[in-house]
Amino acid sequence: MFKKIIIAVLIYSFTFIMPHNAEAVLGEVSRKNVIFMVMDGTNSDVVTLARHYKGKPLALDQILTGGVLTYSLRSAITDSAAAATAMATGHKTTVDFIGMVPVNEKEGERRGRPVANVLEAAKEKGLATGIIATAPVQHATPAAFSAHSNSRHQMKEIGFQQAHQNIDVMLGGGKKYSFLPSSISTKKEMMNSYGLQLHGFFSEEDMAYDFDREKLHPEQPSLAEMTKKALQTLNQNSNGFLLFIEGSKVDFAGHKNDPVGMVSEVLAFDDAVKEALQFAKTDQNTLLIAVTDHGNSGLTMGNRQTDKTYPQTPPEQFTEPLKKASLSVTGALSQLKENRSNIKEVLKSYGLDDLSKAQIQQIKKEKDIEKAMVQLMANRAHLGFTTRGHSGEDVFLYSYGGKGVLHKPQGLINNTDLPEYVIKHLNLPPLSELTNRKFVPAQEHFVKMGYKTKIKINKNKQASFIAENNGRTIEYPANQNIRMVNGQKETLPGIVIYNGKDFWIPLL
């Protein structure tokens with residue numbers, strides 16, 4: 001009887017000791033992960049077309065939760081650099097800026113100041129981090145999650161910074177711009193890697209379109225395979241992880257107005273989402289966010305041909321011409337001989353298999369064969385294109401979180417709202433606080449302490465900030481995580497950034 005009374009008292013006391021939101025508290029101390037996925041340059045009609053092409057629901061359809069506003073600081077139509085910077089840092093910025101915002105708001109200001117991103121915040125807390133892209137990993141979108149530059153086109157500078165960011169997993173294209181000391185280069189090598197870190201570059205520039213990969217580049221992994229392997233690698237970290245994944249080449253195909261390439265890459269991205277969603281559902285403490293950074297091409301299901309016939313136009317009329325293609329227009333034209341003698345075979349591989357001799361000869365004479373091919377395909381598939389550039393529409397938002405995810409994005413939100421969901425879920429410090437510690441104006445900092453300062457540019461055009469005082473010389477090389485104190489190297493907790501005029505340094 002006495003034991004029963006004691007047990008009852010303990011249970012009663014425990015009820016008052018434990019908070020009412022016990023599940024939330026327990027969730028907060030659990031190991032947490034974020035998978036942040038971006039399908040570059042994808043408007044809603046492309047997703048619809050890909051679903052019809054597949055003939056069944058997409059993995060993305062299960063997790064549709066809202067929409068995202070994409071405009072940049074000065075334009076209704078953004079580029080990937082400004083859009084990714086908004087999603088990585090929470091700041092609207094201008095075209096071409098990577099992880100930077102204007103030093104001032106003057107029109108035409110082309111120098112930026114760095115602002116911290118969610119990957120840097122996760123890394124500082126001890127989480128594992130990863131970057132995947134089918135473009136070069138130094139390309140605009142992955143770059144904004146891992147570097148800081150005045151220009152998205154400074155890809156070697158971006159690659160140099162990435163090599164000093166201690167990123168655990170980097171997979172994709174861009175071997176040409178990588179400064180990592182060692183990496184793998186084939187799917188087989190990737191599959192046989194089992195360490196805590198994994199760096200793989202599978203092409204000099206961008207990777208193959210998924211429709212082309214099996215025939216033309218079987219040594220390259222798919223986006224889904226890279227995603228699965230990255231998750232296995234990062235999941236070994238007991239503190240959790242942040243993985244960024246970009247399906248880059250919907251955008252590439254959009255700029256070409258190639259509907260075959262666009263469908264190829266939407267479906268490849270969706271396969272990667274399926275892998276990520278399966279992981280998140282099993283884990284229950286993983287926040288999955290998938291989104292498009294902006295639209296591209298203005299693709300429409302329907303064109304002038306369907307002005308009067310659209311009520312009687314079944315999905316097959318849009319998809320069957322595309323299904324005849326075994327390669328994207330890029331893949332098909334990569335097989336074209338210099339004298340164009342195999343033009344008929346090339347056209348057939350793009351699904352244009354029933355052209356007359358006169359039509360074939362006409363295309364053979366075209367100065368821009370690619371443009372002629374995609375226009376012919378679009379007409380056959382009753383598809384319209386309004387531009388070969390970006391478009392300004394709102395885009396879909398997808399998200400998933402299990403029991404351990406207390407906040408997930410939903411409804412119509414701004415792209416600058418997305419980082420806050422990552423910060424909350426991973427319990428990271430505010431990005432503004434991290435910016436103040438990671439990116440301190442170097443000259444102002446050292447002048448206050450009585451140092452003389454200067455900027456040195458060596459013969460290789462590499463810049464360094466130098467501070468001198470009473471026989472002590474401190475040198476900060478740009479784009480690295482080190483400083484030299486009287487010739488002795490010290491590792492810094494972040495990257496030294498130079499915008500062509502000013503330096504920013506991380507504090508020890």
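Everything numeric in this text was worked out from a predicted model, so none of it was measured. Here, residue 1 is the first one in the sequence, and each next residue gets the next number.
With no hydrogens or angles considered, no side-chain donor-acceptor pair links Asn150 and Asn499 at under 3.5 Å. Side-chain contact annotation: Lys32 with Asn239, donor-acceptor N/O pair under 3.5 Å absent. Side chain to side chain, Thr141 and Asp40 meet the donor-acceptor criterion of an N or O pair below 3.5 Å. Between the side chains of Asp258 and Tyr209, not a single donor N or O lies within less than 3.5 Å of an accepting N or O. Looking only at atom types and distance, the side chain of Gln162 has a donor-acceptor partner in the side chain of Ser146 under 3.5 Å away. No side-chain N or O of Glu275 forms a donor-acceptor pair with one of Thr227 less than 3.5 Å apart. For the residue pair Thr78 and His390, no side-chain donor N or O sits within less than 3.5 Å of a side-chain acceptor on the partner. Side-chain contact, Gln154 with Gln138: no donor N or O sits under 3.5 Å from an acceptor N or O. With hydrogens and angles left out, the side-chain atoms of Lys371 and Asn257 include no donor and acceptor closer than 3.5 Å. No hydrogens or angles considered: a donor-acceptor pair under 3.5 Å links the side chains of Ser80 and Asp293. No side-chain N or O of Thr186 forms a donor-acceptor pair with one of Glu219 less than 3.5 Å apart.
A salt bridge does not link Asp271 with Lys274: none of the charged nitrogens is closer than 4.0 Å to a carboxylate oxygen. Here Asp168 pairs with Lys123 in a salt bridge; the nearest charged N to carboxylate O distance falls below 4.0 Å. Here Arg152 pairs with Asp79 in a salt bridge; the nearest charged N to carboxylate O distance falls below 4.0 Å. At a threshold of 4.0 Å, the pair Lys54-Asp270 counts as salt-bridged, since one of the basic side-chain nitrogens sits closer than that to a carboxylate oxygen.
No more than 12 heavy atoms of other residues, nucleotides or ligands shown are found within 6.0 angstrom of NZ on Lys228. Atom NZ of Lys125 is surrounded by more than 12 heavy atoms from other residues, nucleotides or ligands within 6.0 Å. Remark: Glu214 CD is loosely packed, at most 12 non-hydrogen atoms of other residues, nucleotides or ligands lying under 6.0 Å away.
For the pair Leu322 and Leu49, the minimum side-chain heavy-atom distance is below 4.5 Å. Within the 4.5 Å cutoff, the side chain of Ile63 has heavy atoms near those of the Leu288 side chain. A 4.5 Å side-chain heavy-atom check between Phe269 and Leu60 finds at least one atom pair inside the cut-off. Annotation: side chain of His148 is not in contact with side chain of Phe97 (no heavy-atom distance under 4.5 Å). Side-chain atoms of Ser248 and Met39, non-hydrogen and from C-beta on, never get closer than 4.5 Å to each other. Put simply, the side chain of Tyr194 reaches to within 4.5 Å of the side chain of Lys229, judged on heavy atoms. In this structure the side chain of Phe241 never reaches within 4.5 angstrom of the side chain of Thr129, judged on heavy atoms. Residues Ser297 and His255 are not in side-chain contact: their nearest non-hydrogen atoms beyond the backbone lie 4.5 Å or more apart.
Geometrically, Lys323 engages Tyr53 in a cation-pi contact defined by less than 6.0 Å to the ring centre and at most 45° from the axis. Tyr71 carries Lys92 over the face of its six-membered ring, with the cationic atom under 6.0 Å from the centre and within 45° of the normal.
Rounded to the nearest 0.5 angstrom, Lys408 NZ and Ser399 OG are separated by 5.0 Å. A distance of 10.5 Å separates CG of Leu198 from CE of Met226, quoted to the nearest 0.5 Å. Within the model, atoms NZ of Lys187 and NE2 of His217 stand 14.5 Å from one another, a figure rounded to the nearest 0.5 Å.
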Kindly determine whether Leu418 and Ile289 satisfy side-chain contact (heavy atoms from CB on, under 4.5 Å), including the steps that lead there.
CA-CA 9 Å; Leu418 289 167; Ile289 297 171; 4.1 Å; yes
Verdict with reasoning, His164 to Val496, per side-chain contact (heavy atoms from CB on, under 4.5 Å)
CA-CA 10 Å; His164 290 84; Val496 176; over 6 Å; no
For Glu370 and Lys256, run side-chain contact (heavy atoms from CB on, under 4.5 Å): C-alpha distance rounded to whole Å, both residues' side-chain angles, the deciding distance at 0.1 Å, then the answer.
CA-CA 8 Å; Glu370 178 180 272; Lys256 293 173 178 288; 3.0 Å; yes
If you apply the rule side chain to side chain donor-acceptor pair (under 3.5 Å), what do you find for Ser264 with Asp210, and how did you get there?
CA-CA 6 Å; Ser264 162; Asp210 203 61; 5.2 Å; no
Could you go step by step and tell me if Asn285 and Val405 meet the side-chain contact (heavy atoms from CB on, under 4.5 Å) rule?
CA-CA 6 Å; Asn285 285 315; Val405 179; 5.8 Å; no
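Annotation: salt bridge (charged side-chain N to carboxylate O under 4.0 Å, His left out) contacts of Glu205 (sequence neighbours excluded): Lys176.
Ring-plane geometry between Phe36 and Phe244 is classed as tilted, the angle between the planes lying from 30 to 60 degrees on a 0 to 90 degree scale.
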